[in-house]
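None of these values were measured; they are calculated from a predicted model.
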Amino acid sequence: MSSEALHLSLLSKLAAGINADGPAIEVVADASSPDGVRVEQLTEQELRGYEQPLLVVRTSGSTGRAKRTVLSVEAMASSAQATAEYLGFEGQWLLALPVHYIAGLSVLTRSLFAGTRPVLLPEEGTFTPAGFTQAAESMLEKKRLTALVPTQLARLLDSPSAQTVAVLKRFDAILLGGARASRDLLTRARHHGLRIFQTYGSSETAGGLVYNGTALPGVKLAVGAEGRVRVTGPMLADGYLGDPAGTAEHFPLIDGERWYLTDDAGTVRGQRLQISGRLDDVINTGGLKLSAGQLTGHLEEFFDQVLVVPVPDAQWGQAVGLGYSGPTDTNVAFAAVRQAIGPHAVPKRTKHYRDGLPMLPNGKFDRRKIIEDLSQ
C-alpha cells in the first residue's frame with residue numbers, strides 16, 4: 001500500500017469511527033511495513049467500558065514504558081473545536097508528522113471535523129524542504145495550517161529558498177510542538193514573519209491544549225504538589241488501555257473534576273502556563289540539586305541543540321551530562337554557566353553530535369540513547 005493509500009484508508013476508518021459506523025483503531029509503528037506503520041482494529045471486548053472510543057495512541061516511551069492511551073470521539077472533537085475557536089478559523093491541513101503519534105493523527109481528525117482534505121507530503125521517505133514546499137504549493141483552501149516539530153522547522157529555515165519562505169508565510173498557523181524550540185529557531189521564524197503557535201500537550205490531552213502559553217477554550221490549568229502541572233477539559237483521554245492502576249494514578253478526580261496529572265513542573269497564572277521542566281529533570285550531583293531545564297536555558301544561547309541529562313557517576317552519584325550540536329568549543333558556554341549558576345552546574349560528561357542529536361520519530365530527542373552515549 002502506498003503512503004497516500006494508507007492515509008486515505010486511515011481517513012476513511014477515522015470517519016467511520018466518528019460516525020459510529022466502524023471500530024476504534026490503533027496506529028502502530030512497524031519497521032517491517034513499507035509505510036512504517038500498521039493500522040489495527042480493536043474489538044468491543046478490548047474496549048469494554050469506554051464510551052465511543054475512536055483511537056488508541058501509544059506514547060513515545062522516551063523515558064519509560066510506552067502506554068496505550070484511549071481517546072474518544074468527544075475528546076478529538078473537543079480538541080479540534082478548541083483549536084479552531086482559539087485560532088478563529090478552520091482550514092486545510094498539511095500532514096508532515098507520523099500518523100502513529102497524536103500530532104499526526106490530530107491533523108487527520110481536524111481535517112475531518114473541518115470538512116477539508118489534508119495535503120500529504122510526497123513519498124520520499126524522509127522530511128525534506130523540497131517535499132514540504134511542493135506539498136504546500138498544492139494547497140487550495142484560503143486558510144492553511146500545519147503542525148511541525150522544531151527539527152522540521154529548523155530544516156526549512158536553514159538556508160531557505162525564497163520559494164520555501166513564501167509557502168511558509170502563506171500558512172495562517174504553524175503549530176510547533178513535540179520538543180523544546182530553541183530561542184534561535186523562534187527568532188528566525190519571527191524574522192520571516194511566520195505565524196508560529198508553540199503548543200503544549202500530549203496523547204493524554206488529544207494533542208496540544210495550551211498555545212503560546214495560553215490554555216485553549218474549555219481548558220483549566222492548576223499546579224499541585226511539587227509544582228506538578230495538571231490539566232482538565234473535554235479533550236482528556238479516557239485512560240490507559242489495560243492499565244487501570246496507571247489510569248487511576250494519572251487521571252484522578254479532584255474536587256469532583258477529572259484531571260490529568262502531567263510529568264511537568266511549572267507555574268500557572270490565570271490561564272497562562274509556564275513550564276519550568278520535567279519533574280524528573282532535577283540532577284543531584286554531589287548533594288547539590290540542579291534543574292536540567294534551567295541549565296538548558298543557559299546553554300541554548302551557545303549551541304544549536306541541547307539536552308541536559310543526569311548520568312550515573314560513582315563519585316558524584318549523578319553527573320551533569322550534556323549532548324549538544326553546533327559549535328564544538330564549550331569553554332565560553334561553561335564559563336557563563338559557572339558564573340550564572342555555579343561550578344556544580346558545569347557538565348562533567350559531554351558528547352558533541354556533528355549531525356544533530358539523536359531523535360525519536362516524533363521529533364523528540366532520544367533521551368535514553370543520549371544517556372547511554374554519555375555513560376560510556
Side-chain angles (χ1 to χ4, degrees), residues 60 62-63 148-160 176-191 198 263-266 274-376:
S60 64
S62 60
T63 58
L148 302 172
V149 295
T151 301
Q152 290 174 319
L153 182 60
R155 289 177 184 172
L156 292 169
L157 295 181
D158 287 342
S159 303
L176 191 65
R180 182 172 176 149
S182 70
R183 295 175 188 176
D184 174 69
L185 178 60
L186 295 174
T187 298
R188 285 192 287 158
R190 285 194 296 269
H191 172 76
Q198 292 181 269
D263 291 322
D264 296 311
Q274 179 68 47
I275 297 295
S276 57
R278 289 180 57 87
L279 290 171
D280 60 1
D281 84 343
V282 175
I283 302 173
N284 190 333
T285 177
L288 298 175
K289 293 184 177 181
L290 167 72
S291 166
Q294 179 189 16
L295 178 54
T296 297
H298 284 280
L299 292 173
E300 282 180 338
E301 300 287 338
F302 301 93
F303 305 109
D304 294 343
Q305 293 177 316
V306 170
L307 183 68
V308 175
V309 293
V311 180
D313 185 272
Q315 179 180 359
W316 301 96
Q318 289 182 327
V320 180
L322 169 66
Y324 67 102
S325 67
T328 57
D329 186 0
T330 61
N331 290 328
V332 175
F334 287 4
V337 166
R338 188 177 291 106
Q339 181 176 6
I341 306 177
H344 67 288
V346 176
K348 293 182 173 62
R349 308 275 187 88
T350 65
K351 181 172 179 60
H352 179 261
Y353 293 90
R354 185 183 60 183
D355 298 322
L357 270 61
M359 308 290 288
L360 294 167
N362 63 346
K364 295 182 180 180
F365 296 139
D366 192 338
R367 182 183 176 92
R368 285 188 290 183
K369 173 65 169 61
I370 293 171
I371 290 177
E372 289 175 4
D373 290 345
L374 291 168
S375 300
Q376 294 176 359

Item checked: Straight-line distance of Gln318 CD to Lys289 NZ, nearest 0.5 Å -> 10.5 Å

Next item on the list: Would you check if the side chain of Arg349 reaches a backbone N or O of Leu322 as a donor-acceptor pair within less than 3.5 Å?
Entry: no

Next item on the list: Give a yes or no on whether the backbone of Val149 and the side-chain of Gln152 come within a donor-acceptor separation of less than 3.5 Å.
Entry: yes

Checklist line | Straight-line distance of Lys348 NZ to Phe334 CZ, nearest 0.5 Å | finding: 10.5 Å

Check: Going through the checks in order, is the side chain to side chain contact (heavy atoms under 4.5 Å, CB included) test met by Ile370 and Lys351?
Finding: CA-CA 8 Å; Ile370 293 171; Lys351 181 172 179 60; over 6 Å; no

Notebook entry, point to check: Can Asp264 and Leu279 be said to form a side chain to side chain contact (heavy atoms under 4.5 Å, CB included), step by step?
Noted result: CA-CA 5 Å; Asp264 296 311; Leu279 290 171; over 6 Å; no

Notebook entry, point to check: Roughly how far, to the nearest 0.5 Å, is the CG atom of Leu157 from the OG1 atom of Thr187?
Noted result: 11.0 Å

Notebook entry, point to check: Is there side-chain contact between Thr330 and Phe302, with heavy atoms separated by less than 4.5 Å?
Noted result: no

Next item on the list: Could you tell me whether the side chain of Asp366 reaches within less than 4.5 Å of the side chain of Met359, counting heavy atoms only?
Entry: no

Checklist line | For the student: nearest non-hydrogen atoms of Ile283 and Ala319, plus distance | finding: CG2-O, 4.2 Å

Next item on the list: Please round to the nearest 0.5 Å and tell me the distance separating atom CD of Glu300 and atom CG of Leu295.
Entry: 10.0 Å

Next item on the list: Please report the closest heavy-atom contact between Val346 and Val320, naming both atoms and the distance.
Entry: O-CB, 4.3 Å

Notebook entry, point to check: For Gly321 and Val311, which heavy atoms make the closest approach, and how far apart are they?
Noted result: CA-CG2, 3.9 Å

Note to self: Assess whether a salt bridge exists between Arg368 and Asp373, defined as any Lys/Arg side-chain N lying under 4.0 Å from an Asp/Glu carboxylate O.
What the structure shows: no

Margin query: If we ignore hydrogens and angles and just use 3.5 Å, is the side chain of Ser276 paired with the main-chain N or O of Ala265 as donor and acceptor?
Written below: yes

Checklist line | Spatial distance of atom CD (Gln198) from atom CD1 (Ile275) [nearest 0.5 Å] | finding: 12.0 Å

Check: How close do Ser325 and Gly356 get, heavy atom to heavy atom, and via which atoms?
Finding: CB-CA, 4.0 Å

Next item on the list: Examine distances only and state if a side-chain atom of Thr285 and a backbone atom of Leu288 form a donor-acceptor pair shorter than 3.5 Å.
Entry: no

Item checked: Shortest non-hydrogen contact between Glu301 and Gly297, atoms and distance -> CG-O, 4.0 Å

Next item on the list: Indicate yes or no for a side-chain donor-acceptor contact from Gln305 to the backbone of Leu357 under 3.5 Å, with no hydrogens or angles considered.
Entry: yes

Next item on the list: Search all heavy atoms of Pro150 against all heavy atoms of Ala179 and return the closest pair with its distance.
Entry: CG-O, 3.5 Å

Item checked: Under 3.5 Å donor-acceptor, His344 side chain and Asn284 backbone -> no

Check: With distance as the sole criterion, is a donor-acceptor pair present between the side chains of Asp304 and Tyr324 under 3.5 Å?
Finding: no

Checklist line | side chain to side chain contact (heavy atoms under 4.5 Å, CB included) assessment of Val309 paired with Phe365 | finding: CA-CA 11 Å; Val309 293; Phe365 296 139; over 6 Å; no

Item checked: Separation of Leu156 CG from Thr151 OG1 (nearest 0.5 Å) -> 11.0 Å

